[in-house]
Amino acid sequence: MNTGLRITAFAAALAATFGTAYGVGQGIDPVVADTPPKHEDEHTRPAPEPEESGGHAGHETPPAGGLQISEDGYTLDLETPRVTAGQRADLRFTVRDGSGRAVTAYQRGHEKELHLIVASRDLVTYRHLHPTRAADGTWSTPVDLPRAGGYRVFADFTPAKKDARNLTLGADLAASGPYRPEELPAPSGTARTSGYAVKVAGALRPGKASELKLKVSRAGKPVTDLQPYLGAYGHLVALRSGDLAYLHVHPNGEPGDGTTRPGPDISFTATAPSGGSYRLFLDFKHEGKVHTAAFTVRAGGAAVEPGTPEGHADDGHGH
């Protein structure tokens, strides 16, 4: 999925990705080889300057993704609608076209044909997965969800069809077992995960582009040697509390383009589609391992300053 924050409907999408929850899934490379498209991928286009979006929310704010199971003639067919909490299961699904045929050709975006996000309805559990595609178009990936309850599955992809746009389709997933819903974590300016501290500064504004800056440190020292992950030094997914609208957030600059450096600051340009609370999930890579940090922010609220109460993260599952 396509280090500044611009939201496009990602889904699984702040103008199409935001991000820890309390776990990260393991990514798997596609089993079917394909070549990158010659034309520019939507996720790799430069993010607009904040002032470009102005206040024209009704015309320039992209719709949130992941709220529909079907869009533009494509449907997410989730073959595994139920799993058991605490048990590893094989999650299988197919993307079908308007004729019901399984889609077998995709454009690559952020190094993958398709990105799969699984998030609990209370936004406490989060997984960023990279499933394997079989020749018949069936996707599969192992998943282990720690708690019972309702989850949302987001498939973020672009069909390999001329002029096709990036889509994020969503479907409900249930994990059986004793269920106790959690409260949305309070807004925070700092999250800790596996010995790292990540601070976020900036404000998220509904209908208007704004910049969020995230700084990674370890043992009190800035991390200045972040490694590229999915084509950028940071990957951000944002989900709106309440309906889990998926938002795509794009980094400002890409590795090797001369505009970014490998940490500790990661910059995103984002536009929230509405006011309210959002859960941001940031994936970053250091010393060969991917970590996820999670924040709760309010669109339309005061700017977040580093040093405010800490969020929690647990990425023990790895990518």
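Ser277 and Ser241 are not linked by any side-chain donor-acceptor pair at a separation below 3.5 angstrom, with hydrogens and angles left out of the test. Looking only at atom types and distance, the side chain of Thr296 has a donor-acceptor partner in the side chain of Arg279 under 3.5 Å away. For His291 and Asp283, the side-chain atoms include no donor-acceptor pair closer than 3.5 Å.
No chain of hydrophobic side-chain contacts below 4.5 Å, direct or via other Ile, Leu, Val, Met, Phe, Trp or Tyr residues, connects Leu67 to Ile69.
For Asp265 and Lys215, the salt-bridge test passes: some basic side-chain N is under 4.0 Å from an acidic carboxylate O.
Between the side chain of Asp97 and the backbone N or O of Ser99, at least one donor-acceptor pair lies under 3.5 Å. With Arg152 contributing its side chain and Gly66 its backbone, the two residues share a donor-acceptor pair below 3.5 Å. No donor-acceptor pair under 3.5 Å is formed between the side chain of Thr138 and the backbone N or O of Thr94. Of the possible polar contacts, one joining the Gln107 side chain to the Pro159 backbone as a donor-acceptor pair under 3.5 Å is found. Side-chain atoms of Glu211 do not come within 3.5 Å of backbone N or O of Gly202 as any donor-acceptor pair. At least one donor-acceptor pair under 3.5 Å links the side chain of Glu111 to the backbone N or O of Gly231. A distance-only check finds a donor-acceptor pair linking the side chain of Ser120 to the backbone of Val124 [under 3.5 Å].
Between Leu244 and Leu123 the shortest side-chain heavy-atom distance falls below 4.5 Å. Taking the side chain as every heavy atom from C-beta outward, Pro187 and Val297 never approach each other to under 4.5 Å. Within the 4.5 Å cutoff, no side-chain heavy atoms of Thr190 are placed close to those of Val200.
Aromatic rings of Phe157 and His115 (six-membered ring for Trp) have centroids beyond the 6.0 Å cut-off, not under it. In summary, the aromatic rings of Tyr278 and Phe295 are positioned with their centroids too far apart to meet the 6.0 Å limit.
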Could you walk me through whether Arg121 and Asp172 pass the salt bridge (Lys or Arg N to Asp or Glu O under 4.0 Å) test, one step at a time?
CA-CA 10 Å; Arg121 283 283 175 183; Asp172 288 334; 2.6 Å; yes
CA sep, side-chain torsions, deciding dist, call: Arg165, Glu71, salt bridge (Lys or Arg N to Asp or Glu O under 4.0 Å)
CA-CA 11 Å; Arg165 67 185 183 93; Glu71 188 175 359; 2.4 Å; yes
Val95 and Thr75: side-chain contact (heavy atoms from CB on, under 4.5 Å), yes or no, with the steps?
CA-CA 6 Å; Val95 176; Thr75 299; over 6 Å; no
Yes or no on salt bridge (Lys or Arg N to Asp or Glu O under 4.0 Å) for Asp77 and Arg96, after CA distance, side-chain angles and deciding distance?
CA-CA 7 Å; Asp77 182 3; Arg96 300 191 180 278; 3.0 Å; yes
Applying salt bridge (Lys or Arg N to Asp or Glu O under 4.0 Å), run through Glu287 and Arg218 and close with a yes or a no.
CA-CA 12 Å; Glu287 296 181 347; Arg218 186 170 62 173; 2.9 Å; yes
